[in-house]
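Heads up: the structure comes next, in structure tokens.
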There are 2 protein chains.
Amino acid sequence: MSLIETVDFDGGEILSLHQRILSDIREKILSGAWPPGHRIPFEHELTDEYNCSRMTVNKALSQLAKAGLIERRRRSGSFVGQPQSQAAVLELHDIRIEVEALGLPYRYERLERLKRRSIAEDRALLGLSAPGPVLALEGLHFAGERPFALEQRLINLSAVAEAAEEEFLDIAPGPWLIGRVPWSEAEHRIRAMAADDTVADTLDIDPGAPCLVVERRTWSAEHPVTHVRFVYPAESHTLVARFTPSQG
Amino acid sequence: MSLIETVDFDGGEILSLHQRILSDIREKILSGAWPPGHRIPFEHELTDEYNCSRMTVNKALSQLAKAGLIERRRRSGSFVGQPQSQAAVLELHDIRIEVEALGLPYRYERLERLKRRSIAEDRALLGLSAPGPVLALEGLHFAGERPFALEQRLINLSAVAEAAEEEFLDIAPGPWLIGRVPWSEAEHRIRAMAADDTVADTLDIDPGAPCLVVERRTWSAEHPVTHVRFVYPAESHTLVARFTPSQG
DNA sequence: CGTTTCAATATGTATATACATAATCGCCAT
DNA sequence: ATGGCGATTATGTATATACATATTGAAACG
């Protein structure tokens with residue numbers, strides 16, 4: 001028999017001790033068996049219960065604490081936390097993937113491409129303080145024959161110089177940027193908007209029709225990279241977000 | 001001098017070794033110094049660099065791996081991951097807090113309250129398979145004198161029996177439920193919608209005006225608890241979501 | 001009676017060690 | 001060549017131990 005035991009139980013899943021402690025406690029909390037405020041067993045008690053070292057218990061509890069499920073207090077013990085503010089994780093996929101998930105053929109078409117020195121509006125959208133070259137793009141994502149989303153994008157050419165050479169005729173800027181910009185932070189704004197005449201015409205919907213607007217500002221290493229606005233006709237799109245007390 | 005050293009540097013922040021390794025590596029990845037695919041030093045190399053034990057390095061790297069910043073491969077080493085699909089964290093606050101953040105007085109008013117045996121539509125919204133008692137509520141959240149959001153809610157009375165006794169005259173069901181339902185999972189759907197005549201009248205906007213709709217389904221311990229639909233006039237509300245490569 | 005001090009306690013961080021396991025590399029026999 | 005085999009290597013998981021640190025509760029003191 002090995003020194004490190006793995007336990008085969010229930011569904012036949014193999015869990016490490018660490019994971020078993022984690023899921024046991026999580027289950028107790030999520031089921032309500034241990035309500036908010038309840039003191040969970042001390043580390044040394046769990047050490048006995050699971051017949052393992054304190055380090056193993058400690059790692060599991062620290063993880064639960066980081067996930068916000070429990071709160072740890074020196075000298076007092078660990079307590080089930082109060083359910084915090086609703087925070088949901090929103091997965092924002094590439095539009096190609098969304099369209100193909102619907103079983104429809106995807107196509108991107110460039111409508112406009114303009115290189116210019118940033119005007120005040122560009123700088124506001126990108127969060128730039130000084131003027132510099134930007135690329136303004138407008139394009140349309142199709143699902144089959146129907147417009148699926150309108151994309152209006154600004155790229156900060158000081159941050160992504162190579163973009164100046166790219167035509168973006170039928171490759172969308174999103175996928176192009178991923179892979180070229182290493183890792184980034186982003187801020188998203190989601191709102192509803194009535195289609196103005198131009199947007200309505202482009203998306204082939206009625207003027208004034210409701211649209212879902214998703215705006216994203218992206219930074220890489222503190223430098224503004226891009227600002228993009230996606231406009232979806234209301235019928236074409238629902239964002240789905242999930243909240244599960246972190247599996248952390 | 002203590003055995004466990006803490007290091008005081010830069011901004012004067014005290015970081016544990018563990019945290020220092022974490023933030024050093026994160027910085028290298030986010031700055032692009034170590035691009036995606038780059039092999040980061042082996043554990044034993046970092047052990048030398050930071051003059052600490054492998055366990056400490058291992059904990060830090062495992063954490064980065066769980067956060068998705070790096071990918072670990074046995075026998076090969078650890079590598080900077082490809083920036084994954086955009087996932088953003090959406091904080092969905094209580095409406096009272098949102099309104100008060102705007103500096104406006106908040107008020108909730110019940111419009112309707114109906115206890116009934118679930119009809120098919122209720123069960124579809126709640127995700128119930130068998131019929132049972134539900135409470136259907138409709139209420140209006142005010143910011144000052146103006147309607148801020150319309151709330152249409154179903155509560156599964158089999159899961160939250162006490163709700164049957166509550167009038168919800170001027171206390172919103174959201175805050176009431178928090179604290180009574182221990183920990184929960186939720187699914188959110190966000191979309192744009194045109195106000196129909198009833199909604200327009202209630203929210204005091206034009207029929208057909210765009211609205212942002214946020215629907216939330218909540219479970220606790222696998223049991224459906226509540227379904228709620230918030231309808232915001234487009235002007236009144238923007239959701240903000242942030243994505244930062246996990247600090248995990 | 002209030003305050004100060006101190007020991008006890010539970011968690012926080014780190015070490016050295018041990019063994020497990022998956023993947024890869026090179027060797028060898030076919 | 002090539003297909004299998006074993007050694008090597010880097011990570012994965014767990015242990016026992018040590019010392020740090022915040023907090024509490026009780027004892028000692030003015």
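None of these values were measured; they are calculated from a predicted model. So that the names make sense, note that chain A is the first sequence line, chain B the second, and so on, each numbered from 1.
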Nearest whole Å is fine: how far is [N] [atom2] from [X] [atom1]?
| X | N | atom1 | atom2 | result |
| --- | --- | --- | --- | --- |
| B:N58 | C:dA18 | CG | C1' | 14 Å |
| A:L17 | D:dG12 | CG | C1' | 14 Å |
| A:M55 | C:dA16 | CE | P | 14 Å |
| B:R54 | C:dA14 | CZ | C1' | 15 Å |
| A:R20 | D:dT13 | CZ | P | 15 Å |
| B:H18 | D:dA20 | NE2 | C1' | 17 Å |
| B:K66 | D:dT13 | NZ | C1' | 14 Å |
| A:L15 | D:dG12 | CG | C1' | 15 Å |

DNA chain D-proximal residues of residues 72-81 of chain B, any heavy atom under 4.0 Å
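Within this stretch, B:R72, B:R73, B:R74, B:R75, B:G77, B:S78 sit under 4.0 Å of the strand.
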Kindly determine whether B:H44 and B:V57 satisfy side-chain contact (heavy atoms from CB on, under 4.5 Å), including the steps that lead there.
CA-CA 8 Å; B:H44 71 263; B:V57 170; over 6 Å; no
Hey, is CD on A:E222 packed in by over 12 heavy atoms from elsewhere, all under 6.0 Å?
no
If you draw a 6.0 Å radius around CD in B:E162, do more than 12 non-hydrogen atoms from other residues or ligands fall strictly inside?
yes
The test is side-chain hydrogen bond (donor to acceptor under 3.5 Å, both in side chains); show your working for A:E109 and A:H141 and say whether it passes.
CA-CA 7 Å; A:E109 188 185 310; A:H141 300 261; over 6 Å; no
Is the phosphate of C:dG12 approached by B:S16 (side-chain N or O, under 4.0 Å from OP1 or OP2)?
no
Ignoring backbone atoms, test whether A:T56 places a side-chain nitrogen or oxygen under 4.0 Å from the OP1 or OP2 oxygen of D:dT13.
no
Sorted by chain and number, sequence neighbours left out, ring-ring contact (aromatic ring centres under 6.0 Å, His included) with B:H188 holds for none
Under the salt bridge (Lys or Arg N to Asp or Glu O under 4.0 Å) definition, can you give me all pairs with a residue in residues 29-45 of chain A, not counting sequence neighbours?
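Checked against salt bridge (Lys or Arg N to Asp or Glu O under 4.0 Å) - neighbours excluded - the pairs reaching residues 29-45 of chain A are A:R39-A:E45, A:E43-A:R54, A:E43-A:R72.
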Looking at residues at least two apart in the chain, or sitting in another chain, which of them share a salt bridge (Lys or Arg N to Asp or Glu O under 4.0 Å) with A:E185?
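Salt bridge (Lys or Arg N to Asp or Glu O under 4.0 Å) list for A:E185, sorted by chain: empty.
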Residues which pass salt bridge (Lys or Arg N to Asp or Glu O under 4.0 Å) with B:E187, listed by chain and number, not counting sequence neighbours:
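For B:E187 the salt bridge (Lys or Arg N to Asp or Glu O under 4.0 Å) partners, ignoring immediate neighbours, are A:R242, B:R189.
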For the residue pair A:Y232 and A:F230, does the interplanar ring angle fall in the parallel (under 30°), tilted (30 to 60°) or perpendicular (over 60°) class?
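Geometry flag for A:F230 against A:Y232: tilted rings.
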Got a sec? Which of residues 38-46 of chain A come in under 4.0 Å of DNA chain C, heavy atoms?
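Nucleic-acid contacts, sorted: A:F42, A:E43, A:H44.
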